[in-house]
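To start, the structure itself, in structure tokens.
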Amino acid sequence: MPGIHTAIHKDRLRHWIAPPIKPGKYVLYWMQQAQRVAYNHALAHAVEISNTLCLPLVVGFVLTSDFPDANLRHYVFMLEGIAQTQSQLGKLGISFVLKVGDMVEEVFKLSRDAAWVVADVGYLRIQRQWRAQVANALKCPYTEVETDVTVPVAAAAAKEASAARTLRPLLMNKLGDYLDPVVLPEYRMRQTIPKTPHLDSIDPIKLADRVVTNKNISPVNYYHGGPAEARQRLKKFISQGLAAYHVLSRDPTKHGQSDLSPYLHFGQISPVEIVREIQATEAPPAAKKAFIEQMVVRRELAVNFVYYNPGYDMYEQAVPHWAQKTLAEHIQDPRPYIYTWDQLEQGNTHDPYWNAAQMEMVKTGKMHNYMRMYWGKKIMEWTRTPQEAHEIILALNNRYELDGRDPNGFTGAAWCFGRHDRPWQERAIFGKVRYMNAEGLKRKFRINEYVQRIQTL
DNA sequence: ATCGGCTCGCGCAA
DNA sequence: TGCGCGAAGCCGAT
């Protein structure tokens, strides 16, 4: 960008509206996806612009009451993080403004006297619509900064990847180019702010209770939101879990995962920071490789999917053609078990492993990754049509998982129906789509220990 | 316990 | 145009 010296990789920047710079009173960073201070390329770029223009920086965050499928559980987790981020920004002398209302309208109001607006990047439909509407309404320069992936999605691949194997080499070859540390520049305008708007510190529970429409799903005790919690979990994972990650992470009876996905979902920790921390350890190469496979390859395959497939949440577009065909051919197959939404939601099926997985999600806000595959495959087997199963999987996932409504969730649901996978031996109901059964759980794990652990929650 | 086959489409080499 | 190869699993043969 002419005139703005930046340390941010150009592939992370998208300039919607170029200068000439409009006269204005401040630079606005519209914080939406990357709800953190540390390793936030968008915030760092906003500080660079603010320093260059000699204008103060304002960070604006808009709380909408009706984010699709979000409920009290998600809002409380998110606001626990926002409270920390607000306090961290305050210590840096950066103004933070929280607004409640319609996203586009409030961002537009916040940007009225802005000389420049910076935003982070989100990949879901609603996030892209918000940004497009804001960009159309603005009269000042508008720059988006891609900070919640390691490799920017368009730089990784120019089209939808058919499977992990096509994206993996692209990501791994480029990963090193995008792992520079993100150093927040010294904010030069802090003393020139006439008076820092003194916002009361946020009480996540009270604020969520006041704002949120959908209160029927209660917050969880097992995960609390915030960049500080995220960093603690990362440190603990590195010291206790990483060395055996490649051995234990797939076993639902073990505690072998990093449990960082809720924090990544709300942008409370940066994937770049995580990868740097992991690479800096002395853990066995196989452990690091297995973690990078999840953290970078699988996660950014999901970003690639929702970015390039506009129907990522719709059966007809999310599920590959060969799979739709084979599933349709088996639509009349007898189904030994058919469950209703209520039976599934309550974890009330004949299958104790499935019920345990459902209860893990309901109670803790996070189901073990391996069980997510099994859980989805079984819903497909136990409902009348794959379309209905796909809807139920997404609805339950989005309602109960703290990392619901994430690219990973939409991709995981589509994977159950063959996306990013290949055909297998044809069988009833599933056709050529990959099958999973309880025998596999028993063969691989002491799965009863998982059931017992969930029962004690 | 371990191994190959299952089955289709992608992507590279000719 | 042809062909090698994947891939977060299952199943049957050894």
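This structure is a prediction, so every number in the text was calculated from the model and none was measured. Below, read A as the first sequence line, B as the second, and so on, with proteins coming before strands; counting in each chain starts at 1. Hydrogens, waters and symmetry mates play no part in the numbers below; they use all other heavy atoms, side chains included.
In this structure A/H420 satisfies the ring-ring contact (aromatic ring centres under 6.0 Å, His included) test together with A/F305, sequence neighbours excluded. Residues satisfying the salt bridge (Lys or Arg N to Asp or Glu O under 4.0 Å) test with A/D180, not counting sequence neighbours, are none. For the ring-ring contact (aromatic ring centres under 6.0 Å, His included) test, residues two or more places apart in sequence or in another chain that qualify with A/Y142 are A/W16.
Put simply, chain A comes within 4.0 Å of DNA chain B, heavy atom to any atom, from B/dC6 to B/dG11, going 5' to 3'.
A salt bridge (Lys or Arg N to Asp or Glu O under 4.0 Å) check over residues 68-89 of chain A, counting only residues at least two apart or in different chains, returns nothing. Within the structure, the salt bridge (Lys or Arg N to Asp or Glu O under 4.0 Å) test picks out the following pairs touching residues 219-238 of chain A (sequence neighbours left out): A/R231-A/E273, A/K235-A/E277. The list of ring pair (Phe, Tyr, Trp, His ring centres under 6.0 Å) pairs with a residue in residues 152-178 of chain A, not counting sequence neighbours, reads A/H9-A/Y178. Judged as a salt bridge (Lys or Arg N to Asp or Glu O under 4.0 Å), the pairs with a partner in residues 345-356 of chain A (not counting sequence neighbours) are, in order, A/E345-A/R399.
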Annotated protein contacts, base or backbone, on nucleotides 8-14 of chain C with a non-hydrogen cut-off under 4.0 Å, one of B, S, - each: BBSS---

All N/O donor-acceptor pairs, side-chain side in residues 380-391 of chain A, below 3.5 Å, sequence neighbours left out:
from, atom 1, to, atom 2, distance (Å)
A/E381, OE1, A/K378, NZ, 2.6
A/T383, OG1, A/I379, O, 2.7
A/T385, OG1, A/E388, N, 3.0

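A heavy atom closer than 4.0 Å to some atom of DNA chain C occurs in no member of residues 300-335 of chain A.
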Candidate pair A/D120 and A/R12, rule salt bridge (Lys or Arg N to Asp or Glu O under 4.0 Å), full reasoning: CA-CA 10 Å; A/D120 43 38; A/R12 293 193 185 276; over 6 Å; no

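Secondary-structure annotation of DNA chain B gives the stems B:1-6 with C:9-14, B:8-13 with C:1-6, with a stem taken as at least 3 successive Watson-Crick or G-U pairs whose two distances both fall under 3.5 Å.
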